[in-house]
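What follows is one structure encoded as structure tokens, with my remarks underneath.
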2 protein chains.
Amino acid sequence: MAENNIDFEKCDCNVIHEDVIEKVKEEMTCEEKLNDLAEFFKVFGDSTRIKIICALFSSEMCVCDIASLLNMTQSAISHQLRVLKQARLVKNRKDGKVVYYSLDDEHVQKIFDQGLVHINERR
Amino acid sequence: MAENNIDFEKCDCNVIHEDVIEKVKEEMTCEEKLNDLAEFFKVFGDSTRIKIICALFSSEMCVCDIASLLNMTQSAISHQLRVLKQARLVKNRKDGKVVYYSLDDEHVQKIFDQGLVHINERR
DNA sequence: TGAAATTATGAACAATTATTCAGATATAAT
DNA sequence: ATTATATCTGAATAATTGTTCATAATTTCA
């Protein structure tokens, strides 16, 4: 029988440093926020979406223009713009038939730039 | 016949704002860097890895401890630690049988925090 | 009203990815 | 040497994700 009443854990090894685990557990951001955070970064983790974001740093653009710029189908771009919009990274305005997209967040540039700093530091 | 000698484009719509596209093209970060950047953010875009990163903000930990903390198998954690190491986000030191992992980058915290700011701004 | 153009969307498919499983390696202790 | 422990690794599986295709919705213009 187990020493305590905790359900079977998937973890298949012994706890080596219980004190460390306790401390980390207390200091850690709650699981729900961490899941949201991973979902958020997932949006940055696709080359099509990163290119769209980067393009929108320069100027607002319509779907057609982005598709042309990236040499991809309008449909593919539209799908990705929806993902970006759901993550509140872009916003859009409609002018007749044309929908113009632009960035909707000041943090995007900061996150983007910090990422660039990191990959530029390759030794 | 096409107006110019460019190969067939996947883009299936007309260019509406050629001037904008030209301007954006000039200002855009080169494709190679953008691909690397997407690869880099992909590493943040998984809840297991985000949790590992967050845990390591508090303290260095061995594989066993991380597995126990997150209630996952040692193997799963080991696989993800490899991904994190390849992205140069964590480093490790060996002490006998035990391998201790810690963060290997000052930018990680900045990127993590900016992400948190973003998701905390939900209206 | 009808045709053309732009964008959005659902379903299917292909590709990628995380985890599990089984077993290998490496170190320490007996 | 043998056993036990911690970690790593390759292959298989399950789940997720990006793109394509076909089509719908919306707006403009004739």
Side-chain angles (χ1 to χ4, degrees), chain A residues 8-17 20-21 35 38-53 60-87 90-102, chain B residues 8-17 20-21 35 38-53 60-87 90-102:
Chain A
F8 276 116
E9 309 271 338
K10 283 190 191 173
C11 169
D12 50 357
C13 51
N14 305 316
V15 174
I16 304 181
H17 310 90
V20 172
I21 295 179
N35 288 333
E39 287 303 311
F40 173 66
F41 282 121
K42 215 173 270 182
V43 178
F44 282 84
D46 174 80
S47 61
T48 299
R49 290 192 294 264
I50 272 284
K51 283 170 193 164
I52 294 175
I53 289 170
E60 75 167 5
M61 284 201 277
C62 71
V63 181
C64 239
D65 289 343
I66 300 174
S68 170
L69 174 73
L70 302 183
N71 192 28
M72 293 177 66
T73 64
Q74 170 276 318
S75 177
I77 299 298
S78 182
H79 279 293
Q80 297 301 354
L81 283 169
R82 187 155 58 108
V83 174
L84 288 167
K85 197 178 178 198
Q86 278 170 345
V90 303
K91 58 180 189 285
N92 57 15
R93 69 180 178 87
K94 203 165 181 178
D95 183 12
K97 288 175 289 193
V98 182
V99 180
Y100 292 93
Y101 281 84
S102 58
Chain B
F8 275 115
E9 310 271 337
K10 284 190 192 175
C11 169
D12 50 357
C13 50
N14 305 315
V15 174
I16 304 181
H17 310 91
V20 171
I21 295 179
N35 288 332
E39 286 304 310
F40 173 66
F41 282 122
K42 214 172 270 183
V43 177
F44 281 85
D46 175 80
S47 60
T48 299
R49 289 192 296 262
I50 271 285
K51 283 170 192 163
I52 294 175
I53 289 171
E60 74 166 8
M61 284 200 277
C62 70
V63 181
C64 239
D65 288 343
I66 300 174
S68 169
L69 174 74
L70 302 184
N71 193 29
M72 292 176 67
T73 64
Q74 171 277 319
S75 178
I77 300 298
S78 182
H79 277 294
Q80 297 302 354
L81 282 170
R82 188 154 57 111
V83 175
L84 288 166
K85 197 176 178 201
Q86 277 170 347
V90 305
K91 58 179 188 280
N92 58 15
R93 66 180 181 88
K94 204 165 183 179
D95 183 14
K97 287 176 286 192
V98 183
V99 181
Y100 293 93
Y101 282 83
S102 58

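Per chain, numbering begins at 1; letters A, B, ... match sequence-line order. Hydrogens, waters and symmetry mates play no part in the numbers below; they use all other heavy atoms, side chains included.
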Rounded interatomic separation in angstrom, taking CG from A:N92 and P from D:dT27: 13 Å

Euclidean distance, atom CG of residue A:D95 to atom P of C:dA5 [Å, nearest integer]: 18 Å

Atom pair distance, as rounded to whole Å: NE2 in A:H79 and P in C:dT6: 18 Å

Sugar-phosphate only, base, or nothing, as touched by A:Y100 at under 4.0 Å among non-hydrogen atoms: nothing

Atom-pair distance (CZ on A:R49; C1' on D:dG18), nearest Å: 8 Å

Rounded distance (Å) that lies between atom P of C:dT7 and atom NE2 of B:H17: 9 Å

Interatomic distance where NZ belongs to B:K97 and P belongs to D:dT3 [whole Å]: 15 Å

Length of the line joining A:L70:CG and D:dT20:P, which is rounded to integer Å: 12 Å

B:T73 side chain near C:dT20 phosphate (N/O to OP1/OP2, under 4.0 Å): yes

Rounded distance [0.5 Å steps], OG1 in A:T73 versus NE2 in A:H79: 8.0 Å

Plane angle bin for A:F44 and A:F41 - parallel if under 30°, tilted between 30 and 60°, otherwise perpendicular: tilted

Distance, nearest 0.5 Å, that separates CD of B:E39 from CD of B:Q86: 11.0 Å

C:dA26 phosphate, OP1 or OP2, under 4.0 Å from B:K94 side-chain N/O: no

N or O in side chain of B:R82 less than 4.0 angstrom from D:dC8 OP1/OP2: no

Closest to the A:C64 side chain, choosing from C:dT6, D:dC8, D:dT17: C:dT6

Contact under 4.0 Å: A:T48 side-chain N or O vs D:dT19 OP1/OP2: yes

A:Q74 vs C:dT6: side-chain N/O to OP1/OP2 distance below 4.0 Å: no

Whole angstrom value for the distance that separates P of C:dT16 from CG of B:D46: 17 Å

A:Y101 side-chain N/O to C:dT6 phosphate OP1/OP2 under 4.0 Å: no

Over all atoms of both residues, closest heavy-atom pair of A:G45 and B:K42: O-CE, 2.9 Å

Gap separating the NE2 atom of A:H17 from the CG atom of B:D65, nearest 0.5 angstrom: 5.5 Å

Under 3.5 Å donor-acceptor pair, B:S75 side-chain atoms to D:dT9 base atoms: yes

Minimum-distance nucleotide (side-chain atoms of A:Q80 versus C:dT9, D:dT19, C:dT19): D:dT19

